[in-house]
Structure formats: C-alpha cells, structure tokens
Amino acid sequence: MIFENKTIEEVDVWVNAGHVDDFPEDGGSNILYEGEQIAIFKFTTLNKWFATQNLCPHKKQMILSRGMLGTEGETPKVACPYHKKTFSLETGENLNGCEDTIQTYPVKVENDTVFVGLYEKK
C-alpha cells in the first residue's frame with residue numbers, strides 16, 4: 001500500500017487505527033502499518049481528524065505525531081517538535097515556504113473506531 005494524496009472516494013483499503021479514546025485530544029499518536037509509520041491527529045478544537053506520514057522530511061526523524069497542532073489562518077497545521085517547521089494537515093504542504101511536503105491520508109470515524117485510508121502503489 002502507499003501513499004499519495006487522494007480523496008476518500010479513491011481509498012483502496014481502510015486500516016483500523018484504534019478507538020477514538022486511544023488518541024490524545026488536540027494531539028497525535030502513530031501507528032505502524034506494513035512498515036510505514038502514520039501519524040494520526042485528533043484535532044479536538046476543530047472537531048476533525050487528520051493523518052500524515054510520521055517522518056519529518058527535514059531531519060528524517062519519526063516525530064510528527066508528537067508535533068504541536070494549530071492553525072495558520074483557516075489551515076490546520078502541525079509543527080515538528082524539533083525544528084518547528086509547519087505542515088498543512090489537509091494537503092501536506094510545508095507552510096514555511098520550503099519545498100518539502102508530507103504525505104496526508106484520509107481519516108474516517110465509524111462507531112468510535114478510527115480508520116486511515118491507503119492506496120495501492122502505482
């Protein structure tokens with residue numbers, strides 16, 4: 001499975017990431033699926049869920065799930081806890097104007113279970 005930004009309608013597989021209570025409010029946690037670490041964010045303040053790669057592209061560390069959540073205008077974002085570069089939780093765009101982006105994934109919640117959407121490699 002992999003990982004390119006697509007819509008919910010294009011998801012090939014929904015992976016059970018856990019119960020909603022497994023994730024901290026206004027924070028993140030990660031799961032390991034087929035060797036890939038995926039950060040999942042419960043953005044309680046916005047009443048939304050997001051998922052991204054856990055790897056920070058700057059220092060190549062698995063750290064984004066421990067990042068700080070916030071907004072830039074209307075854009076929900078996560079800041080890497082090491083170097084404070086920020087990424088859009090919706091698109092993965094680096095909001096600091098750098099070229100590095102991060103992978104994002106669709107998230108859905110059904111019956112208090114969190115699912116992350118993945119896609120076949122092309």
Side-chain angles (χ1 to χ4, degrees):
M1 295 294 139
I2 199 79
F3 317 135
E4 54 184 80
N5 296 338
K6 292 190 177 184
T7 65
I8 286 179
E9 294 78 23
E10 296 173 296
V11 169
D12 293 320
V13 174
W14 286 102
V15 175
N16 182 334
H19 190 272
V20 293
D21 293 336
D22 294 338
F23 300 90
E25 293 197 10
D26 287 319
S29 188
N30 70 6
I31 64 168
L32 182 64
Y33 183 76
E34 294 189 355
E36 297 291 331
Q37 286 192 32
I38 300 171
I40 302 169
F41 301 97
K42 182 180 184 179
F43 207 145
T44 312
T45 304
L46 298 179
N47 195 29
K48 292 185 177 183
W49 289 83
F50 300 96
T52 69
Q53 70 187 47
N54 197 34
L55 178 70
C56 175
H58 180 243
K59 291 288 186 180
K60 307 294 186 225
Q61 295 172 327
M62 297 294 184
I63 192 71
L64 290 180
S65 64
R66 295 185 295 188
M68 297 161 282
L69 299 181
T71 57
E72 187 166 313
E74 298 293 315
T75 303
K77 67 180 182 177
V78 62
C80 176
Y82 282 152
H83 56 72
K84 309 301 185 254
K85 289 188 189 262
T86 57
F87 302 92
S88 166
L89 290 168
E90 295 174 323
T91 67
E93 173 189 7
N94 185 317
L95 299 174
N96 302 104
C98 303
E99 62 226 35
D100 292 334
T101 61
I102 59 172
Q103 176 63 50
T104 61
Y105 308 93
V107 178
K108 68 179 179 179
V109 177
E110 294 179 349
N111 300 319
D112 292 332
T113 301
V114 180
F115 295 91
V116 176
L118 302 179
Y119 318 96
E120 291 288 339
K121 276 187 181 179
K122 303 273 180 191

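- The distance from the SG atom of Cys80 to the NZ atom of Lys85 is 9.5 Å, given to the nearest 0.5 Å.
- For Asp21, the CG atom sits in a packed shell: over 12 heavy atoms of surrounding residues, nucleotides or ligands are nearer than 6.0 Å.
- Residues passing the side-chain hydrogen bond (donor to acceptor under 3.5 Å, both in side chains) test with Thr52, sequence neighbours excluded: none.
- Ile38 and Phe23 fall within the same hydrophobic cluster, defined by Ile, Leu, Val, Met, Phe, Trp and Tyr side-chain heavy atoms under 4.5 Å apart, directly or through other members.
- Atom CD of Glu36 sits about 9.0 Å away from atom CG of Leu118, to the nearest 0.5 Å.
- Annotation for Pro81 and Ile63: closest pair CG-CG1, 3.2 Å, computed over non-hydrogen atoms.
- To the nearest 0.5 Å, atom CD of residue Glu93 and atom CG of residue Asp100 are 12.0 Å apart.
- To the nearest 0.5 Å, atom CD1 of residue Ile40 and atom CD of residue Gln37 are 11.5 Å apart.
- Residues Met62 and Met68 do not share a hydrophobic cluster, defined by chaining ILVMFWY side chains whose heavy atoms lie under 4.5 Å apart.
- Separating the CG atom in Asp26 from the OG1 atom in Thr44 is a distance of 4.5 Å, to the nearest 0.5 Å.
- Linking ILVMFWY residues whenever their side-chain heavy atoms come closer than 4.5 Å, directly or via other members, places Val107 and Ile31 in the same cluster.
- The hydrophobic clustering, which links ILVMFWY residues whose side-chain heavy atoms are closer than 4.5 Å, places Tyr33 and Val109 together.
- By the 4.5 Å heavy-atom criterion applied to side chains, Pro76 and Lys48 are not counted as neighbours.
- By the 4.5 Å heavy-atom criterion applied to side chains, Pro57 and Ile102 are counted as neighbours.
- By the 4.5 Å heavy-atom criterion applied to side chains, Trp49 and Val20 are counted as neighbours.
- Within the structure, side chain to side chain donor-acceptor pair (under 3.5 Å) pairs that include any residue of residues 65-80 comprise Asn54-Ser65 (at least two apart or interchain).
- The structure places OG1 of Thr104 at 10.0 Å from CZ of Phe50, a figure rounded to the nearest 0.5 Å.
- Heavy-atom minimum distance, Asn96 versus Asn94: N-OD1, 2.8 Å.
- By the 4.5 Å heavy-atom criterion applied to side chains, Leu64 and Leu55 are not counted as neighbours.
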Inset, instruction - Output, in order, the C-alpha distance, side-chain angles, deciding distance and verdict of side chain to side chain contact (heavy atoms under 4.5 Å, CB included) for Cys98 and His58. - result: CA-CA 10 Å; Cys98 303; His58 180 243; over 6 Å; no
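- Applying the side-chain contact (heavy atoms from CB on, under 4.5 Å) test to Asn111 and every residue at least two apart in sequence or in another chain returns nothing.
- Put simply, Leu95 and Phe87 are part of two different groups of oily side chains (I, L, V, M, F, W, Y) that touch within less than 4.5 Å, one to the next.
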